[in-house]
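Notes follow the structure.
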Amino acid sequence: MRILSGVQPSGALHLGNYFGMMQSAIALQNQGEAFYFIADYHAMTTVSDPKLLQSNIHEIALGFLACGLDPEKAVFFRQSAVPEVHELAWMLSTVTPMGLLERCHSFKDKIARGFSPSHGLFAYPVLMAADILLYQANRVPVGKDQKQHLEVTRDIALKFNEQYGEVFVIPEPDIREAVATVPGLDGQKMSKSYQNTLELFSEAKPFSKKVMGIKTDSTPVEAPKPTEGSTLLALSRLVAKPEEYQEYESSFRAGGKGYGDLKKALLVQLERFLVPFQEEYQKLKSDPKKVNEILHEGGVKARSVAQKTLEKARIAVGI
Ligand code: ADP
Ligand code: TRP
């Protein structure tokens, strides 16, 4: 089984990225041939500062490795180490109906948030399909917001195979319904673009300030707190041990504790969860050469797999 996923270097990694995608990707590296990459070409659709893009790429690499990606088990690389992806994206674009792309929510959301409607943003899902099909991936662990992009990938692959013969494996999305969407500080989906994230590798002070600033309602201290839709409980459920979470939830039902105290308790749970990752991050940070070597080696391995698929596609289309 081949597993593949990617993350855009468009900002710092956060709890939504970890629980939506990275945790399952890291677990799956023991179950098949895993390919994980930093989608730097994709990030160009929203990041136009070259220095920022470079530092984001390095940060994502450090973060993914610190969270447990093992380069001995998974091929870890930059998307741009395999420029063949663009040739395949072009081939795929010739079988992609415009209407399929026009329906994509992420394009419409980005335009609504003020990004300019560039061709790159519009064609984003075709490049993503090329990322996946180039490696003949069977399973693609992603968060729920990527579901539509996976459907587009499957549609494109089926169309290409129908037209040119069985060239591509049809991939299956791997979405953890139990996690669904991790809420951010304001209760909306946690996302870099909403500035409501809890970062995996931030300094202690700003981190605790953010946790203490999580949006809550105005239930008085002594009254029971609503459990439905609570961001505090949703985050605790992800990071606390099961008994600890039960106790935390009971203290909501019982009343008598203010949100300030409940946030302090959550902060302890979050910090304890993140410490091992942060320690690993600091170790890796002191050896930037090693990180670059890992990405370079991964790029070489990924490229040789990609070239084989591209050759197959070239023959199929008559080029
Ligand atoms: P962002 O929305 O912060 O820009 P990305 O688009 O880079 O995040 O997402 C990288 C991966 O993390 C994707 O698989 C995405 O589905 C997942 N992800 C991002 N935010 C969340 C969230 N709040 N809950 C669950 N999964 C998420
Ligand atoms: N679009 C994905 C995101 O924003 C990133 C991505 C690019 C990706 N190519 C991919 C994810 C291929 C999985 C497979 O999160």
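Index from 1, following the sequence. Side chains included, hydrogens not; waters and symmetry mates left out as well; all remaining heavy atoms used. Both ligands and their constituent atoms are indexed starting at 1 by order of listing.
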Handout entry: His149-ligand 2 polar pair, N/O distance under 3.5 Å
Key = no
Exercise for the section: Measure up the Phe107 and Phe122 rings against each other and bin them: parallel (under 30°), tilted (30 to 60°), perpendicular (over 60°). Expected result: perpendicular
Exercise for the section: Apply side-chain contact (heavy atoms from CB on, under 4.5 Å) to Glu172 and Asn138, showing your working. Expected result: CA-CA 6 Å; Glu172 296 286 339; Asn138 308 93; over 6 Å; no
Practice task
Tell me, with the steps shown, if Val182 and Asn17 meet side-chain contact (heavy atoms from CB on, under 4.5 Å).
Solution key: CA-CA 9 Å; Val182 179; Asn17 297 142; over 6 Å; no
Practice task
For ligand 2, note which part of Asp145 has a heavy atom under 4.0 Å away: side chain, backbone, both or neither.
Solution key: neither
Exercise for the section: Please work out whether any backbone atom (N, CA, C, O) or any side-chain heavy atom from C-beta onward of Met21 is under 4.0 Å from ligand 2, and answer side chain, backbone, both or neither. Expected result: neither
Handout entry: Short N or O distance, Gln8 and ligand 2, threshold 3.5 Å exclusive
Key = yes
Practice task
Measure up the Phe273 and Phe277 rings against each other and bin them: parallel (under 30°), tilted (30 to 60°), perpendicular (over 60°).
Solution key: perpendicular
Handout entry: Which segment of Ile132 sits under 4.0 Å of ligand 2 when only heavy atoms are counted
Key = side chain
Exercise for the section: Evaluate the ring pair (Phe, Tyr, Trp, His ring centres under 6.0 Å) criterion for residues Tyr124 and His149: first the C-alpha distance (whole Å), next the side-chain angles of each, then the deciding distance (0.1 Å), finally the verdict. Expected result: CA-CA 9 Å; Tyr124 184 113; His149 285 156; 5.5 Å; yes
Practice task
Non-hydrogen atoms closer than 4.0 Å to ligand 1: which protein residues do they belong to? List them by chain and number, please.
Solution key: Val7, His14, Gly16, Asn17, Gly20, Met21, Val142, Gly143, Asp145, Gln146, Ala180, Thr181, Val182, Lys189, Met190, Ser191, Lys192
Problem - N-O pairing of Lys215 and Asp186 below 4.0 Å - result: no
Problem - Under-4.0 Å heavy-atom contact with ligand 2, by part of Tyr135 that carries it - result: neither
Handout entry: Nearest option to atom 15 (O) of ligand 2, as decided by whichever heavy atom of Gln79, Lys192, His42, Gln146 sits closest
Key = Gln146
Practice task
Look at the rings of Phe252 and Tyr248 and say which category their plane angle falls in: under 30° parallel, 30 to 60° tilted, over 60° perpendicular.
Solution key: perpendicular
Problem - Geometric cation-pi criterion, Lys264 with Tyr259: 6.0 Å, 45° - result: no
Handout entry: Val211 and Leu235, any side-chain heavy atoms less than 4.5 Å apart
Key = no
